[in-house]
Amino acid sequence: MDHRLKLSRWPAAVVAAVAGMTVLAAAILPGFPLLREAAAVLITLVSVLTGLVVLTSALSFMVFHARRISVSDEGLTRHVPIVLGFLLVVGVGLFVPVSAAGGPVLPNTLVSLPLQVLLEQLYLPLAAALFALPAFFTMRAMIAAVDARRPAAFTVTLVALLALLYPLLPLDALPVVAVAADWLEASVLTAVVRGVLLSAAVGALVAGVRVLLGQDQPYAEQDR
Amino acid sequence: VEESGVIVAIVLGGTALLLPLAALRARRRAPLSRRLSPAESVLDHALERAAESGRSVEVAAVGALKDLPGGGMRTAESWAAAMAAQRTAAAALRHGVTTRVAAGDVVTAELVTRAAGVADATATLRAHGSDLAYAAATLAEADRLPPAALVQVGSLGALYPLAAAGYTAVPQVVLVADTVSAAYAETSGAAVLLGEQMYCFDPSLRETAAVRARESIHAVLRTALIVLVIAGVLMSAASRLGWLQLSWFGV
């Protein structure tokens, strides 16, 4: 893949650069109302487009699974629950009335009471069960890591175990340990977390500038 | 003009100036064969094996859209996913291996599908804006269609083990911006690229001035950050021991 812009990719690169620069300039120069308005229009346009993409994808998803019910061997076990779940969430979220001052009205938000009740009764118990699973998977991965003697994985496991055991053991009585643990948490741990955040931000900065300059074009369709 | 705006302009302007300068410098240098990093080598070896097994490589992106506030680096991770998909697809093409993509929201799905240049039929939308649904769907997919290698982009925090549990026998490269996912990924034996390394992942073995420029800029900024973090820790230690007064620096 050549990094030089192909003729067919110029329009996408120009649109990306102009839109990006406009929003960026509006953020840097808040005193220019024209820039601010242009950026607001662009952001609104993106929001509307995102909404349309979500709507189209939801419809496409629904049609795909509805069609697969009759033609797939897994129709009843895989596709019917998906379609029913989809219809239930959309139906309750859009068509179950909520009480208002002037009488019952259809909900105009996705956090309406009927939908909240449905999620609390149906989704949250399932979600809680799934949230418990990673603990077992992590334990299995840790045992496998120790068994395979991978240095990095072994170190992570050891540090995690020490962090787990530290509050349970009376180590605070030893003056050096308490001060060292405090310093590790307040300085080293904070520095590492901030370092990772800064590093990700720096990476995003370089990637963003390269996209604005057209040197990287992750938005452009590649040749199939 | 606000003070923060000036700082942003200086940082962005500086980076924008550095990039063409680094590209010019890279163009003048004699050509050298680019070496793959350990994480890129993991994928390269998996692609060599996949050329014989006929299985495809998968790029899975958690996605930018989230139903909760405070998405953090999610948008940046979506861009990283698109770039990783583009470069992984190029590397897979070199080995005659097909690529498939999966995503955790519709916009990222469209972005990575286009970037990888794969047919829409090989793109899977696993969820929309829900980490839990995405992780559960990824786990469910593992048994149905095991890939030859998995490039997982995006932070899942404590849910990472759920998404990765089905892929213990699959070579994995994990690109993340959070330490929790990185620790879990490291434990499960995946090759981890953390922070700005996400944007450097390029197993395609391209050797152009633009690639060199990108790598040299990343190397300079990475070194500066490491020096900054180590200096900060040393200053903190010296301050606690009373050898240094932070008030000397106006803190």
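Every chain is numbered from 1 and lettered A, B, ... according to where its sequence line falls, protein lines coming before strand lines. What you are looking at is a predicted structure, and each value in this text was computed from that prediction instead of being measured.
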Distance-minimising heavy-atom pair for A:Gly195 and B:Val229: CA-CG2, 3.8 Å
Residue, of B:Leu139, B:Leu228, B:Leu225, that accumulates the most heavy atom pairs under 4.5 Å with chain A: B:Leu225
Partners passing side chain to side chain contact (heavy atoms under 4.5 Å, CB included) against B:Ala82 (at least two apart in sequence or in another chain): A:Pro218, B:Leu111, B:Ala115
Interface moiety of B:Ile230 toward chain A, non-hydrogen atoms closer than 4.5 Å: neither
Segment of B:Ala237 engaging chain A (4.5 angstrom heavy-atom cut-off): both
Contact class of A:Arg140 relative to chain B, heavy atoms under 4.5 angstrom: side chain
Between A:Val206, A:Val53, A:Thr190, the one whose heavy-atom pairs under 4.5 Å with chain B are most numerous: A:Val206
A:Val211 versus chain B, the contacting section by heavy-atom distance below 4.5 Å: side chain
Selection from A:Arg194, A:Met142, A:Arg78 maximising heavy-atom pairs under 4.5 Å formed with chain B: A:Arg78
A:Leu24 portion near chain B, given a 4.5 angstrom heavy-atom threshold: side chain
Distance in Å, B:Ile226 CD1 paired with A:Leu198 CG, rounded so as to fall on 0.5 Å steps: 12.5 Å
Residue pair B:Thr187, A:Thr138: steps toward the side chain to side chain contact (heavy atoms under 4.5 Å, CB included) verdict: CA-CA 8 Å; B:Thr187 310; A:Thr138 306; 5.6 Å; no
Toward chain B, the part of A:Phe154 with a non-hydrogen atom under 4.5 Å: neither
Test side chain to side chain contact (heavy atoms under 4.5 Å, CB included) applied to A:Tyr123 and B:Leu132, step by step: CA-CA 11 Å; A:Tyr123 183 71; B:Leu132 182 65; 3.9 Å; yes
Partner chain A: residue of B:Glu110, B:Gln197, B:His218 with the largest heavy-atom pair count (under 4.5 Å): B:His218
Side chain to side chain, A:Phe136 and B:Pro161, heavy atoms closer than 4.5 Å: no
B:Ile217 versus chain A, the contacting section by heavy-atom distance below 4.5 Å: side chain
Nearest heavy atoms of B:Leu194 and A:Ser199, plus distance in Å: O-OG, 4.2 Å
Heavy-atom pair count under 4.5 Å with chain A, highest-scoring of B:Ala80, B:Gly189, B:Ala182, B:Gly232: B:Gly189
Any A:Val202 side-chain heavy atom under 4.5 Å of B:Tyr199 side chain: no
Contact class of A:Ala144 relative to chain B, heavy atoms under 4.5 angstrom: neither
Chain A contact via B:Ala158 - side chain, backbone, both or neither, heavy atoms under 4.5 Å: backbone
Inter-residue atom distance A:Leu189.CG - B:Thr179.OG1, 0.5 Å rounding: 8.0 Å
Contact class of A:Leu130 relative to chain B, heavy atoms under 4.5 angstrom: both
Atom of A:Pro134, atom of B:Leu162 and distance for their closest heavy-atom approach: CG-CB, 4.0 Å
Heavy atoms of other groups near A:Leu34 CG, more than 12 under 6.0 Å: no
Closest approach of B:Ala183 to A:Val156 (non-hydrogen atoms, all atoms of both residues): O-CG1, 3.8 Å
